[in-house]
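In what follows, a single structure is set out as structure tokens and then discussed.
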Amino acid sequence: MTATSATEAAVAADRLGYPVVVKSADPELVHKTDSGGVRVDLNGPAAVRHAYRPVAAAGRPGSGVLVQKQMTEPVELVAGIAHDPRFGSVVLLGLGGVRTELLGDRVLRLVPMTDLDAGRMWRGLRAAPLLTGYRGAPPVDTVALEDLLLRLGRLAEDLPQIAELDLNPVLAGPDGVVAVDAKLRLAPVGAEPDSLLRRLSAAEPPGKEPS
């Protein structure tokens, strides 16, 4: 829920139930954690009001904040769509949050996708044990995760103009999955250069060395 004042943020948190997360609603603020644009584990209206000003200040004036229900013991994933000029649209799944670029644990699948593809995607991650109950932690709702991947695959099929869709982080827990942040980039279909195309040069006159 979006809020543009500390009071609105506290009201939104009361409606959602605690604990909550408050983060900047500025879409241009990419690395919210690094810039102070996120506060987590807020367990009451006073904590939400206190967090509002610094979180809102991390973004552009007037952007406000987002108040979201905090999931219990989540695994942070990244999921999305990318368009490759040679292969078309692909669906991506990987370990997300602040560890996305550090560890590079991700898998890709071409569309169209089947339910078997969705299952193989999360099982193909090196971090897959985190999703099945690592060291006594509750297992993630992998059915909900597979449903998300299949929906992304269908979206990529129906809308090939999606050049990039990045859901990061996707919080996966025992009760489902929630996409916390999203970035979307559109591009005209077929506008990108085809690296496989080759131009044939004009035929040279007989007896003349090629230039």
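For this chain, numbers begin at 1 and follow the sequence in order.
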Inset, instruction - Taking all non-hydrogen atoms of both residues into account, name the closest pair between L152 and A79 and its distance. - result: CD1-CB, 3.9 Å

Inset, instruction - Could you grab the distance from atom CG of D26 to atom CD of E28, nearest 0.5 Å is fine? - result: 6.5 Å

Inset, instruction - Answer yes or no: is there a donor N or O on one side and an acceptor on the other, between the side chain of N43 and the main chain of D41, under 3.5 Å? - result: yes

Legend entry - Nearest-0.5 Å distance, OG1 of residue T142 to CD of residue E146: 5.5 Å

Inset, instruction - Evaluate side-chain contact (heavy atoms from CB on, under 4.5 Å) for D181 paired with K23, printing each intermediate quantity in order. - result: CA-CA 10 Å; D181 205 358; K23 68 177 186 176; 3.6 Å; yes

Inset, instruction - Would you give the length of the straight line joining atom CD1 of I81 to atom CD of E157, rounded to the nearest 0.5 angstrom? - result: 10.0 Å

Inset, instruction - Determine whether V55 and V38 fall in the same hydrophobic cluster, where Ile, Leu, Val, Met, Phe, Trp and Tyr are linked whenever their side-chain heavy atoms lie under 4.5 Å apart. - result: no

Inset, instruction - Measure the spacing between OG1 of T2 and CD of E8 and express it to the nearest 0.5 Å. - result: 9.5 Å

Inset, instruction - List the atom of P74, the atom of L171, and the distance in Å for their closest heavy-atom pair. - result: CB-CB, 3.9 Å

Inset, instruction - Answer yes or no: does atom CZ of R123 have more than 12 heavy-atom neighbours from other residues, nucleotides or ligands under 6.0 Å? - result: yes

Inset, instruction - Can you see which heavy atom on A10 is nearest to which on V48, and at what distance? - result: N-CG1, 3.7 Å

Inset, instruction - Check the pair R106, L95 against side-chain contact (heavy atoms from CB on, under 4.5 Å), reporting the backbone distance first and the verdict last. - result: CA-CA 6 Å; R106 57 183 59 190; L95 194 62; over 6 Å; no

Legend entry - Nearest heavy atoms of A51 and R39, plus distance in Å: CB-CG, 3.8 Å

Legend entry - CZ (R15) with more than 12 external heavy atoms under 6.0 Å: no

Legend entry - Derivation and outcome, side-chain contact (heavy atoms from CB on, under 4.5 Å), residues V91 and D117: CA-CA 10 Å; V91 175; D117 292 320; over 6 Å; no

Legend entry - L93 and its side chain to side chain contact (heavy atoms under 4.5 Å, CB included) partner, picked from L108, L145, L167: L145

Legend entry - Check: A128 main-chain N/O paired with Y134 side-chain donor or acceptor under 3.5 Å: no

Legend entry - Any S89 side-chain heavy atom under 4.5 Å of I162 side chain: no

Inset, instruction - Check the hydrophobic clustering (I, L, V, M, F, W, Y; side-chain heavy atoms under 4.5 Å; chains of links allowed) and say if V40 and V20 are grouped together. - result: no

Inset, instruction - Find out if a path of hydrophobic residues (ILVMFWY) with successive side-chain heavy-atom gaps under 4.5 Å connects V111 to L159. - result: yes

Inset, instruction - Write down the atom of S63, the atom of A25, and the distance for their closest heavy-atom approach. - result: O-CB, 3.3 Å

Legend entry - Minimum side-chain heavy-atom gap V178-Q68 below 4.5 Å: no

Inset, instruction - State, with a plain yes or no, whether a side-chain heavy atom of V78 is found less than 4.5 Å away from one of V170. - result: no

Legend entry - Flag, side chain of K183 to backbone of L165, donor-acceptor distance under 3.5 Å: no

Inset, instruction - To the nearest 0.5 angstrom, please state how far the CH2 atom of W122 sits from the CG atom of L148. - result: 14.5 Å

Legend entry - Separation between CG of D115 and CG of D147, rounded to the nearest 0.5 Å: 11.0 Å

Inset, instruction - Find out if a path of hydrophobic residues (ILVMFWY) with successive side-chain heavy-atom gaps under 4.5 Å connects L125 to M121. - result: yes

Inset, instruction - Check whether any side-chain heavy atom of P19 sits under 4.5 Å from a side-chain heavy atom of K69, and report yes or no. - result: yes

Legend entry - Shared hydrophobic cluster for V180 and V22 (ILVMFWY, side-chain gaps under 4.5 Å): no

Inset, instruction - Please name the pair of heavy atoms, one in D105 and one in A127, separated by the smallest distance, quoted to 0.1 Å. - result: OD2-N, 2.9 Å

Inset, instruction - Given side-chain contact (heavy atoms from CB on, under 4.5 Å), test V177 with L77 step by step and report yes or no. - result: CA-CA 10 Å; V177 296; L77 302 171; 5.8 Å; no

